[in-house]
Amino acid sequence: MTTMTEASVREFKMPDVGEGLTEAEILKWYVQPGDTVTDGQVVCEVETAKAAVELPIPYDGVVRDLHFPEGTTVDVGTAIISVDVGGGSAAPAAEQPAAVRPAAAAPAEEPKAAGSGRQPVLVGYGVAASSTRRRPRKGPEVPVQQASTAIQTELNGHAPVAPAAPEAAAPAAPAGTERPLAKPPVRKLAKDLGVDLTTIVPTGPDGIITREDVHAAVAAAVPVVTEPQITPAPAAVQAPASYDTARETRIPVKGVRKATAAAMVGSAFTAPHVTEFVTVDVTRTMKLVEELKADKEFTGLRVNPLLLIAKALLVAIRRNPDVNASWDEAAQEIVVKHYVNLGIAAATPRGLIVPNIKDAHAKTLPQLAESLGELVSTARDGKTSPAAMQGGTVTITNVGVFGVDTGTPILNPGESAILAVGAIKPQPWVHKGKVKPRQVTTLALSFDHRLVDGELGSKVLADVAAILEQPKRLITWA
């Protein structure tokens, strides 16, 4: 048997997948000790505060060890996998367990992350004040599969449904086996539900496994049980039917949720927020939306009210450029931006993110429609890059899609204004001296009162409302 030498072992370290990030969570390993890997092969998927990213290995060899199990948050610059690149065989089974090695077996001295002096830069935010460290793990050594089951049992009150009974040690996938095709959010869903993607028959285009496929696999594995008739308890003590037997569910705060929470707290207690509201008749805007859908210039593009709202905000900013600014605390300066990177708040399986359209002010209406479509599609697929969420100058959040009339949005730190758009619905409205049903919505503009006073904020909001009421102003005010 060929013995591996330490000189032939290469350590692959957690890279900085987004500028300024100092840690990432290992979501899933695609290889196991003993597997052969080639340069460029994806070996794991990690999640940062900004995006889920698949990591390729940069050399050929045989996997010797995985240093951390799935679900572990690891500092940038820390070795996560070792590979024998000298052509030696894998360690014997007795010496090399199939399960991922727990952190207790890692070197006693914890390596520092590359650029450990930096702090994570959040979506459109400044540098965080506190340092980050790898999350410690408790308890004895537990194989990844058992640990995942235990976590799901604690969170859901029952063990995750699996296609087959677990064995003592899952055999490593043969080298060269094709990995099931699925997008990162779908992989995470399958992991959370305990579903093996290799057992699912895909129904998506090009053999891609969809969220519906995962849910169908769970439903197929759950036996149907006929509940016996139970005499209801007295009304005073009867629990609502929606209550589970578990009294609480604990959800770890990490990834996007953790970053969003920290940033929102920082924003709320740093910038003095002011929010103004206006209710506006957008009937003409809704008619223009329908006309643009039939225009050949917009063939293949998604045209909706958000497109014209975004354009209205861009025109309002051009008329009131001082609102497109940021507060530089260190230099005690107001920085007015002569470009607009328009952020669009998007709800995704990973949480709320705010990617932005670079130089949105310079785009024509069809170009803006194309950019909005790409932004939304990429966000829903979970493929938004960290760069797409940096450098925003002003944001739109559309709470109307949830049927909400309005809200008081919190600023993205580093920005001075955010526009919330409420639901558009028919309401009685005085039009040309008569009460008629019109399409009406409520807009809310939050702004940083350190650099945007009431007059400037009011002018911006009034301009947006005026354009949406009379969209021909998109031409006359251009």
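Between T285 and V280 the shortest side-chain heavy-atom distance does not fall below 4.5 Å. With a 4.5 Å cut-off on side-chain heavy atoms, V74 and H67 do not count as touching. In this structure, the side chains of L352 and T397 stay at 4.5 Å or more apart for every pair of heavy atoms. Residues Q439 and P426 have side chains in contact (heavy-atom distance under 4.5 Å, counting atoms from C-beta outward). Between I57 and V31, the closest side-chain pair of non-hydrogen atoms is not below 4.5 Å. Between H361 and I317 there is no side-chain heavy-atom pair separated by less than 4.5 Å. Between K337 and E415, the closest side-chain pair of non-hydrogen atoms is not below 4.5 Å. At a threshold of 4.5 Å between non-hydrogen side-chain atoms, the residues L365 and F298 count as touching.
Scanning both residues, L443 and L468, for their nearest heavy atoms gives CD1-CD1, 4.0 Å. Considering all non-hydrogen atoms of both residues, V440 and W429 come closest at CG2-CE3, 3.7 Å. Looking at every heavy atom in both residues, A379 comes nearest to T348 through O-CG2, 3.4 Å. Contact detail for A444 and T406: the closest heavy-atom pair is CB-OG1, 3.5 Å. Summarising the geometry of L445 relative to A417, their closest heavy-atom pair is CD1-CB, 4.3 Å, with the distance given to 0.1 Å. Smallest separation of non-hydrogen atoms from E23 and V76: N-CG2, 3.7 Å.
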Take K287 and E290, measure what salt bridge (charged side-chain N to carboxylate O under 4.0 Å, His left out) needs, and give me the verdict at the end. CA-CA 5 Å; K287 290 181 179 179; E290 295 304 316; over 6 Å; no

Run the side-chain contact (heavy atoms from CB on, under 4.5 Å) test on L308 and L292 for me, step by step, so that the C-alpha distance in whole Å, both residues' side-chain angles and the decisive distance to 0.1 Å come before the verdict. CA-CA 10 Å; L308 295 184; L292 292 178; 4.0 Å; yes

Passes side-chain contact (heavy atoms from CB on, under 4.5 Å), I410 versus H273? Steps please. CA-CA 8 Å; I410 297 178; H273 285 58; 3.6 Å; yes

Go through T78 and F68 one step at a time and tell me if the side-chain contact (heavy atoms from CB on, under 4.5 Å) criterion holds. CA-CA 10 Å; T78 301; F68 301 97; 3.8 Å; yes

Step by step, work out the side-chain contact (heavy atoms from CB on, under 4.5 Å) result for Q332 and E329. CA-CA 5 Å; Q332 287 295 293; E329 181 65 28; 3.2 Å; yes

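Counted by atom type alone, D213 and T210 present one or more donor-acceptor pairs between their side chains at under 3.5 Å. T279 and T442 share a donor-acceptor pair across their side chains, judged by distance under 3.5 Å alone.
The 12-atom threshold is not exceeded at NZ of K13, counting heavy atoms of other residues, nucleotides or ligands nearer than 6.0 Å. The local environment of NZ in K363 is crowded, with over 12 non-hydrogen atoms from other residues, nucleotides or ligands closer than 6.0 Å.
Side chain of S416 to backbone of A325: a donor-acceptor contact under 3.5 angstrom is found. Not one N or O on the side chain of Q470 forms a donor-acceptor pair closer than 3.5 Å with the backbone of I467. For T441 (side chain) and G422 (main-chain N/O), a donor-acceptor pair under 3.5 Å exists by modelled atom type. Judged purely by atom type and a 3.5 angstrom limit, E70 uses its side chain to pair as donor or acceptor with the backbone of W29. For S446 (side chain) and P409 (main-chain N/O), a donor-acceptor pair under 3.5 Å exists by modelled atom type. A distance-only check finds a donor-acceptor pair linking the side chain of D328 to the backbone of A331 [under 3.5 Å]. Put simply, the side chain of H449 gets close to the backbone of V452: a donor and an acceptor are under 3.5 Å apart. Not one N or O on the side chain of T378 forms a donor-acceptor pair closer than 3.5 Å with the backbone of T384. Here the side chain of T299 pairs a donor or acceptor atom with the backbone of K296 at under 3.5 angstrom.
The CG atom of L181 sits 7.5 Å away from atom CD1 of I209, with the distance rounded to the nearest 0.5 Å. Taking CZ of R438 as the start and CD of E469 as the end, the distance is 8.5 Å to the nearest 0.5 Å. To the nearest 0.5 Å, atom CD of residue E291 and atom CG of residue L288 are 6.0 Å apart. Here T275 contributes atom OG1 and L461 contributes atom CG; the two are 10.5 Å apart, rounded to the nearest 0.5 Å. The line from CG of L66 to CD1 of I26 is 8.5 Å long, rounded to the nearest 0.5 Å. To the nearest 0.5 Å, atom CG of residue L419 and atom CG of residue N398 are 9.5 Å apart.
Between T393 and the choices N412, N356, N324, N341, the side chain to side chain donor-acceptor pair (under 3.5 Å) rule is met once, by N324.
The side chain to side chain donor-acceptor pair (under 3.5 Å) pairs that include a residue from residues 451-465 are E276-S458, R319-D463, N320-D463, E455-K459, where partners are two or more places apart or lie in different chains.
Residues satisfying the side-chain hydrogen bond (donor to acceptor under 3.5 Å, both in side chains) test with R302, not counting sequence neighbours, are none.
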